[in-house]
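In what follows, a single structure is set out as structure tokens and then discussed.
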Number of protein chains: 2
Amino acid sequence: MPGSIKEIARIANVSRGTVDRALNGRPGVNKEVAKRVKEIAKSMGYKPNVVAKALATHRKPTIIGVVINSEGNPFFDDVLAGINAAKDEIFDFGVNVVVKRMKGYDPTQQLDLIRSLAEEGLDALAITPVSDSLIRDELNSLVADGVKVVCFNLDLAGVHYIAYVGCDYFKSGETLGGMIGFVTGGKALLGVIACTNNLEGHRKRIEGCRSVLKREYPESRIVDIIEAEDNDEIAYEKTMKMLLEHQEMNALCFNAGGTSGGLRAVRELGLENKFKIFTFDMTPVVIDSIKKGIVQSTICQQPFEQGYQSIKILFDALMNNHLPEVDHIYTELNVKIRYNI
Amino acid sequence: MPGSIKEIARIANVSRGTVDRALNGRPGVNKEVAKRVKEIAKSMGYKPNVVAKALATHRKPTIIGVVINSEGNPFFDDVLAGINAAKDEIFDFGVNVVVKRMKGYDPTQQLDLIRSLAEEGLDALAITPVSDSLIRDELNSLVADGVKVVCFNLDLAGVHYIAYVGCDYFKSGETLGGMIGFVTGGKALLGVIACTNNLEGHRKRIEGCRSVLKREYPESRIVDIIEAEDNDEIAYEKTMKMLLEHQEMNALCFNAGGTSGGLRAVRELGLENKFKIFTFDMTPVVIDSIKKGIVQSTICQQPFEQGYQSIKILFDALMNNHLPEVDHIYTELNVKIRYNI
DNA sequence: ATGAAAGCGCTAACAT
DNA sequence: ATGTTAGCGCTTTCAT
């Protein structure tokens with residue numbers, strides 16, 4: 001049973017109100033008294049009871065806003081599940097989580113969503129930030145107003161956030177390189193279906209893969225890279241074209257969305273069992289293709305955790321004034337094959 | 001703002017005490033009244049506030065006991081970390097987690113630990129059960145006394161637990177088989193360093209591996225299996241002997257402990273780079289060996305989650321009377337290679 | 001600057 | 001069987 005505010009008050013010979021003010025840095029308390037109270041608290045190893053704190057603060061609910069590029073991208077379903085799990089856990093602490101979903105990567109649209117959240121008043125924000133200075137500046141202005149910010153899944157340089165929660169993209173690319181080496185016996189002539197070259201993370205992913213192939217599997221190389229912009233139609237067209245142009249290819253990698261469209265092209269050319277195919281994440285089409293043996297492996301980045309941790313970190317910052325030790329929290333990268341999916 | 005007990009009391013024209021009794025199935029309340037109260041609660045979608053509930057119950061602390069075979073097995077360090085993380089989270093809810101560690105798999109020793117916990121009084125128990133009817137019966141007698149039980153990492157048939165939290169051992173073996181196929185090009189002549197044939201889980205692991213090799217990689221087979229009993233000295237001796245006896249072998253798999261000793265034998269015979277080597281879990285020696293390229297892959301079972309979830313499930317059962325939907329909660333199996341470790 | 005007191009939603013001891 | 005009341009540990013008015 002750790003000491004309570006009441007006990008400190010008794011020892012310090014002040015009222016509980018004063019102890020509360022002193023310990024929480026609230027105004028209107030004598031410096032000397034504050035110091036004494038803090039010392040007593042420290043000496044007895046006092047830890048505030050978060051449950052009691054939450055109950056007392058319950059009157060005016062705290063709000064955590066979320067802006068997420070989830071529309072039309074099944075990857076984010078698990079991220080949202082994580083967000084909702086955290087939401088349920090902290091609801092009774094008087095914290096409300098408000099989610100705004102968006103489609104695609106338009107900065108002005110994202111800006112609108114941030115502002116609409118800000119207008120209704122918010123204490124913290126979790127966001128998958130679009131790479132644009134508009135967003136960066138808006139987030140920093142929120143931070144200046146005392147709003148706690150976490151970026152998740154996508155990092156954005158220059159934002160004064162509490163933390164980035166997501167994968168290490170370079171490492172995810174290296175892991176891909178390693179699996180390609182294993183599966184092809186080091187002899188991969190690889191076609192890459194990428195997202196768009198505008199996203200730094202996705203560029204790094206390709207670099208990671210390239211570096212491993214070059215260093216460890218010199219008989220392998222990336223033959224061609226196309227940009228499918230997470231769009232199945234584009235992926236279909238461009239994959240088809242790429243496969244026809246590069247008859248020497250024997251492996252494909254889907255770095256982001258468009259897997260469904262790209263695989264259709266492979267199927268129509270009768271290459272399903274001739275190619276070694278690799279993907280990222282665990283969307284329904286990926287699961288299905290792995291089970292059928294069409295896709296050899298996929299690399300996951302703990303989407304549920306990305307959502308869950310983002311909210312829990314903000315909660316911890318709001319309620320307990322506790323910040324994570326590092327500001328880059330990398331979720332695990334996990335390889336899934338046919339048998340552990 | 002969901003309704004409160006106070007509001008229900010007002011609508012039902014009874015006191016808050018009666019509402020509390022009715023909603024929690026406590027004795028001493030008229031059937032008719034109880035029914036009416038429940039209906040009102042339901043109609044307004046009432047959810048009890050767990051924070052307030054915890055604070056009110058705070059006076060007599062709840063106790064969750066833990067019995068874990070962790071001594072001398074670094075695998076369990078992460079499991080313990082998960083247990084402690086959960087412990088910190090629920091401490092302010094007035095729930096105390098008391099951990100008893102033990103070494104090895106002696107049923108009578110485990111029985112003593114369970115009983116010593118029971119004597120001090122406990123509301124729930126998380127345990128890595130030794131496969132013995134002594135343990136099974138003792139756990140069931142606790143269950144009969146109203147103690148909630150979760151088994152983690154090891155399953156034990158016949159125990160009326162809330163849940164088993166751990167990996168699917170057969171699947172873990174299949175995953176091993178899949179990775180062996182990838183890395184060796186389907187041509188593995190495998191030596192297995194197992195734990196002991198007495199543990200059902202570890203038997204299933206071997207069966208899973210064998211089934212995949214047989215079905216998918218007919219040029220592969222298990223040449224020999226030795227039992228190292230999680231002991232490095234035994235592992236060293238037996239691995240050495242096995243390697244000398246089976247010159248045709250080209251791959252090794254460490255299914256449990258003893259990795260350090262076994263690898264020493266491999267090193268001394270100068271086979272480190274000639275063999276493809278596979279392990280389970282992520283102990284320091286495994287991490288080191290993977291980074292050096294000596295071990296090709298390891299298969300992890302989310303040890304942290306096993307500890308964390310076990311405690312959280314018991315907490316949820318105790319505080320919110322909420323049971324998991326399924327009684328087998330399988331943690332993810334994840335493949336780690338050099339680049340995503 | 002400090003103290004006193006009310007109250008967050010619930011439980012539990014005590015009355016009736 | 002039901003109502004009343006005190007209190008869990010903390011925050012937040014309202015006095016002083």
Side-chain angles (χ1 to χ4, degrees), chain A residues 1-38 41 44-62 90-96 123 318-321, chain B residues 1-38 41 44-62 90-96 123 318-321:
Chain A
M1 194 71 71
S4 69
I5 223 173
K6 193 166 153 190
E7 198 177 340
I8 298 174
R10 187 178 52 74
I11 296 173
N13 241 312
V14 292
S15 73
R16 283 143 73 201
T18 302
V19 175
D20 176 60
R21 286 184 277 261
L23 256 32
N24 291 286
R26 283 184 247 280
V29 49
N30 185 296
K31 264 195 169 182
E32 298 297 312
V33 177
K35 196 180 159 209
R36 189 156 48 90
V37 166
K38 281 181 192 165
M44 64 194 282
Y46 170 75
K47 293 260 177 211
N49 182 316
V50 297
V51 166
K53 177 178 269 190
L55 192 58
T57 322
H58 203 340
R59 313 168 198 197
K60 40 160 192 175
T62 314
I90 67 182
F91 181 80
D92 282 348
F93 284 81
V95 180
N96 234 310
D123 305 278
L318 290 172
M319 303 293 286
N320 313 329
N321 237 20
Chain B
M1 194 72 71
S4 69
I5 223 173
K6 194 166 152 190
E7 198 178 341
I8 298 174
R10 187 177 52 73
I11 295 173
N13 241 309
V14 292
S15 73
R16 283 144 72 206
T18 302
V19 174
D20 176 58
R21 284 183 279 259
L23 257 32
N24 293 286
R26 283 185 248 281
V29 49
N30 185 296
K31 263 195 170 183
E32 298 297 310
V33 176
K35 198 180 157 208
R36 189 155 49 91
V37 167
K38 282 181 192 166
M44 63 195 281
Y46 168 77
K47 294 259 178 211
N49 183 315
V50 299
V51 165
K53 177 177 270 192
L55 192 58
T57 322
H58 205 336
R59 313 168 197 194
K60 39 157 194 177
T62 313
I90 67 182
F91 182 80
D92 282 347
F93 284 82
V95 180
N96 235 310
D123 306 278
L318 290 172
M319 303 294 285
N320 312 328
N321 237 19

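Just so we're clear, the structure is a prediction, and the values are computed from it rather than from any experiment. Below, read A as the first sequence line, B as the second, and so on, with proteins coming before strands; counting in each chain starts at 1.
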Practice item. Give me the one residue out of B:Ile90, B:Thr57, B:Asp123 that meets side chain to side chain contact (heavy atoms under 4.5 Å, CB included) with B:Val95. Key: B:Ile90
Exercise for review: Report the distance from atom NZ of A:Lys53 to atom P of D:dC8, rounded to the nearest whole Å.
Suggested key: 19 Å
**Study point:** Interface residues of residues 26-37 of chain A with DNA chain C (non-hydrogen, below 4.0 angstrom)
**Key:** A:Gly28, A:Val29, A:Asn30, A:Val33
Check your understanding: Once you build an axis from the first five pairs and another from the last five of the helix from C:dA1-D:dT16 to C:dT16-D:dA1, how far apart in angle are they, to 10 degrees?
Key -> 50°
**Study point:** Heavy-atom pair of closest approach, residues B:Leu23 and B:Tyr46
**Key:** CD2-CE2, 3.7 Å
Review point. So, is A:Thr18 near the phosphate of C:dG3, with a side-chain N or O under 4.0 Å from OP1 or OP2?
Key: yes
Exercise for review: Grab the CG-C1' distance between A:Leu23 and D:dT12 for me, whole Å please.
Suggested key: 16 Å
Exercise for review: Under 4.0 Å between any heavy atoms, over every strand shown, what does B:Val14 touch: base, sugar-phosphate, or nothing? Just pick one.
Suggested key: sugar-phosphate
Point to revise | Contact summary for B:Phe93 and B:Ala54, nearest pair of heavy atoms | key: CD2-CB, 3.2 Å
Check your understanding: Rounded to whole angstrom units, what separation is found between the CD1 atom of A:Ile5 and the P atom of D:dT12?
Key -> 11 Å
Check your understanding: Closer than 4.0 Å, any side-chain N/O of B:Tyr46 to the OP1 or OP2 of C:dC10?
Key -> yes
Check your understanding: So which one's nearest nucleotide on DNA chain D is more toward 5', A:Arg21 or B:Ser15?
Key -> B:Ser15
Practice item. Mind checking A:Asp92 for me? I need base, sugar-phosphate or nothing, with any heavy atom below 4.0 Å counting as a touch. Key: nothing
Point to revise | Gap separating the OG1 atom of A:Thr18 from the CD1 atom of A:Ile8, nearest 0.5 angstrom | key: 12.5 Å
Point to revise | Atom pair CG/CG of A:Asn49 and A:Leu55 - distance to nearest 0.5 Å | key: 10.0 Å
Practice item. Starting at atom CG of B:Asn13, determine the distance to atom P of D:dT4, rounded to an integer number of angstrom. Key: 11 Å
**Study point:** Side-chain touch A:Met319/A:Val50, heavy atoms, less than 4.5 angstrom
**Key:** no
Scan nucleotides 6-8 of chain C against the protein and return all N/O pairs shorter than 3.5 Å with their distances rounded to 0.1 Å.
unit_1: C:dG7; atom_1: N3; unit_2: A:Arg59; atom_2: NH2; d: 3.4
unit_1: C:dC8; atom_1: O2; unit_2: A:Leu55; atom_2: O; d: 3.1
unit_1: C:dC8; atom_1: O2; unit_2: A:Ala56; atom_2: N; d: 3.1

Check your understanding: Can you list every salt bridge (charged side-chain N to carboxylate O under 4.0 Å, His left out) pair that touches residues 9-24 of chain B, not counting sequence neighbours?
Key -> B:Asp20-B:Arg26
**Study point:** Those residues that, when tested against A:Asn320, pass side-chain hydrogen bond (donor to acceptor under 3.5 Å, both in side chains) (two or more places apart)
**Key:** A:Asp316
Practice item. Of all the heavy-atom pairs spanning B:Ala34 and B:Ala22, show the shortest one and how long it is. Key: CA-CB, 3.9 Å
Study note, to complete from the structure: Closest non-hydrogen atoms of A:Asp92 and B:Pro48, given as atom of the first, atom of the second and distance, are OD2-O, 3.5 Å
Practice item. Round to the nearest Å and state the distance from A:Arg10 atom CZ to C:dT2 atom P. Key: 20 Å
**Study point:** Pairs flagged by side-chain hydrogen bond (donor to acceptor under 3.5 Å, both in side chains) wherever residues 29-38 of chain B is involved - sequence neighbours left out
**Key:** none
**Study point:** Value in whole Å for how far the P atom of D:dT4 lies from CG of B:Asp20
**Key:** 15 Å
Review point. Rounded to whole angstroms, how far apart are CZ on A:Phe91 and C1' on C:dG9?
Key: 13 Å
